[in-house]
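The block underneath contains the structure these notes are about, expressed in structure tokens.
Letters A, B, ... are given to chains in the order of the sequence lines, protein chains preceding strands, and every chain is numbered from 1.
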There are 2 protein chains.
Amino acid sequence: MFSKACEYGIRALTVIAEAGKEHKKIGMKDICKLAKTPEFFTAKILQNLVKQKIIGSQKGPSGGFFIAKDLDKITLYDIVEAIDGKEIFVKCGLGLDKCNAKKPCPMHSQFELVRNELNEMCRNNNLEDLVQGFHGEVYNR
Amino acid sequence: MFSKACEYGIRALTVIAEAGKEHKKIGMKDICKLAKTPEFFTAKILQNLVKQKIIGSQKGPSGGFFIAKDLDKITLYDIVEAIDGKEIFVKCGLGLDKCNAKKPCPMHSQFELVRNELNEMCRNNNLEDLVQGFHGEVYNR
DNA sequence: AAAATAAAGGATATTAAGGTCTTTTTATAC
DNA sequence: GTATAAAAAGACCTTAATATCCTTTATTTT
Ligand code: FES
Ligand code: FES
């Protein structure tokens, strides 16, 4: 469904947000240890998220990553779009150039339902919701 | 959502099924021309579907591919599983080892809805349904 | 039987995703 | 100011998906 980069990104964001509750900032090593994501690859993903202003970062000693805005202002849609692009939210299920209800592919009517559900899900859930559903050692399995 | 192989596979199957109405069999070249899929790659996909008994094939002159069983006995689920495997139908949205409602990832409750919708969609639709939604030159765009 | 046709199979090439390493830059702590 | 810590940036490697080509096998037509 989502790319590895996206899965890792979301996991890392929950960890950063969770940590933000207490110490405000958290470094790469800790993020990856908690989110169980490969370190250098995750670094790339976070660099991208910083550029897109989803998160902030600070260099140097006692630096790290943090969430700049309110958690409920960052939707799952924002995150997925930032990492994977918006293709998944609009793409034709059979890979045709553009999903087109006027000239629908044979799967259109059925696929639209699934894609709409995905859109709704991503638009109606934000980082705060994810952090609420985040408990302890989930990523340790 | 689905792999290219899967998109091509489904498209090819609709073409084979549609053709089956009249001439019973249809060859690679015609399939690919109608389904707008790369020829040699599609060949591999169909070979796989033949092995999995989703379709039948015949070598030699006037040979080709055809659907062996009733169209409504081949669900979208069967097709996707045959090509991409069943991972997408059970996988955790955040890429954890196994989706586990007892130890849910932060996205579990939300993601489950989308995944269930996908499951239902694929189980409740079959090749006959797709052929019904198939009209003329759809793949020409 | 021979020729022709079409799928099967195997080998190889290309591209994109996933992942790692090293160097550079920036900020903090001392 | 110097040393240190941490992110940014860039280069590179690996793997898997996608795609093509060539040879073999089976079947039909003549
Ligand atoms: S045209 Fe294929 S999903 Fe809409
Ligand atoms: S545990 Fe992640 S989707 Fe169920």
Inset, instruction - Establish, from distance only, whether the side-chain atoms of Glu120(A) and Asn116(A) form a donor-acceptor pair under 3.5 Å. - result: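 There is no such pair (donor and acceptor under 3.5 Å, judged by atom type) between the side chains of Glu120(A) and Asn116(A).
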
Inset, instruction - For residues Phe2(B) and Tyr8(B), establish whether the separation of their ring centroids is below 6.0 Å. - result: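 Ring centres of Tyr8(B) and Phe2(B) not closer than 6.0 Å.
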
Legend entry - Arg115(A) to Phe89(A) six-membered ring, cation-pi geometry met (6.0 Å, 45°):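 Arg115(A) over Phe89(A) ring: no.
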
Legend entry - Base-pair map of DNA chain D as dot-bracket, where | denotes pairing with a different strand and pairs are Watson-Crick or G-U under 3.5 Å: ||||||||||||||||||||||||||||||

So do [Y] and [X] actually touch side chain to side chain, heavy atoms under 4.5 Å?
{"X": "Phe65(A)", "Y": "Ile31(A)", "answer": "yes"}
{"X": "Phe111(B)", "Y": "Pro104(B)", "answer": "no"}
{"X": "Met107(A)", "Y": "Leu76(B)", "answer": "yes"}

Could you check how far [atom1] of [X] sits from [atom2] of [N], rounded to whole Å?
{"X": "Phe65(B)", "N": "dA6(C)", "atom1": "CZ", "atom2": "P", "value": "12 Å"}
{"X": "Ile83(A)", "N": "dG18(C)", "atom1": "CD1", "atom2": "C1'", "value": "14 Å"}
{"X": "Asp30(B)", "N": "dT5(C)", "atom1": "CG", "atom2": "P", "value": "14 Å"}
{"X": "Asn48(B)", "N": "dG9(C)", "atom1": "CG", "atom2": "P", "value": "11 Å"}
{"X": "Lys24(B)", "N": "dA6(C)", "atom1": "NZ", "atom2": "C1'", "value": "18 Å"}
{"X": "Ile45(B)", "N": "dG9(C)", "atom1": "CD1", "atom2": "P", "value": "15 Å"}

Inset, instruction - Report yes if a donor N or O on one partner sits less than 3.5 Å from an acceptor N or O on the other, where the partners are the side chain of Lys44(B) and the base of dG10(C); otherwise report no. - result: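 Such a pair is found, so the answer is yes.
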
Legend entry - Residues Glu7(B) and Lys91(A) bridged, charged N to O under 4.0 Å: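 Lys91(A) and Glu7(B): salt-bridged.
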
Inset, instruction - For Ala43(A) and for Ala5(B), locate the closest nucleotide of DNA chain D by heavy-atom distance; then report the residue assigned to the nucleotide nearer the 5' terminus. - result: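 The residue closer to the strand's 5' end, by nearest nucleotide, is Ala43(A).
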
Legend entry - Same apolar cluster: Ile16(B) and Phe41(B), side chain cutoff 4.5 Å: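 Same hydrophobic cluster.
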
Legend entry - Heavy-atom donor-acceptor pair, Arg11(A) side chain to Lys36(A) backbone, under 3.5 Å: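 Confirmed, Arg11(A) side chain pairs with Lys36(A) backbone.
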
Inset, instruction - On DNA chain D, reading 5' to 3', which nucleotide is the first and which the last to sit with an atom under 4.0 Å from a heavy atom of chain B, could you check? - result: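 Taking any atom under 4.0 Å from a heavy atom of chain B, the span is dT18(D) to dT29(D).
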
Inset, instruction - Name the nucleic acid region contacted by Lys29(A), choosing base, sugar-phosphate or nothing; use a 4.0 angstrom heavy-atom cut-off, strictly under. - result: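 No contact.
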
Inset, instruction - Would you sort out whether Leu13(A) and Ile10(A) count as a side chain to side chain contact (heavy atoms under 4.5 Å, CB included), showing the intermediate values? - result: CA-CA 5 Å; Leu13(A) 283 174; Ile10(A) 297 170; 5.6 Å; no

Legend entry - Other residues, nucleotides, ligands: >12 heavy atoms within 6.0 Å of Lys69(A) NZ: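 Atom NZ in Lys69(A) is crowded, with more than 12 foreign heavy atoms closer than 6.0 Å.
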
Legend entry - Most 5' of Ser3(A) and Leu46(B) on DNA chain C, judged by nearest nucleotide: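 Looking at DNA chain C, the more 5' nearest nucleotide goes with Leu46(B).
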
Legend entry - Which residue lies more 5' along DNA chain C, comparing Gly27(B) with Cys6(A) via nearest heavy atoms: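 Counting from the 5' end, the first nearest nucleotide belongs to Gly27(B).
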
Legend entry - Reading 5' to 3' through nucleotides 22-30 of chain C, protein heavy-atom contacts under 4.0 Å coded B for base, S for sugar-phosphate only, - for none: B--BBBBS-

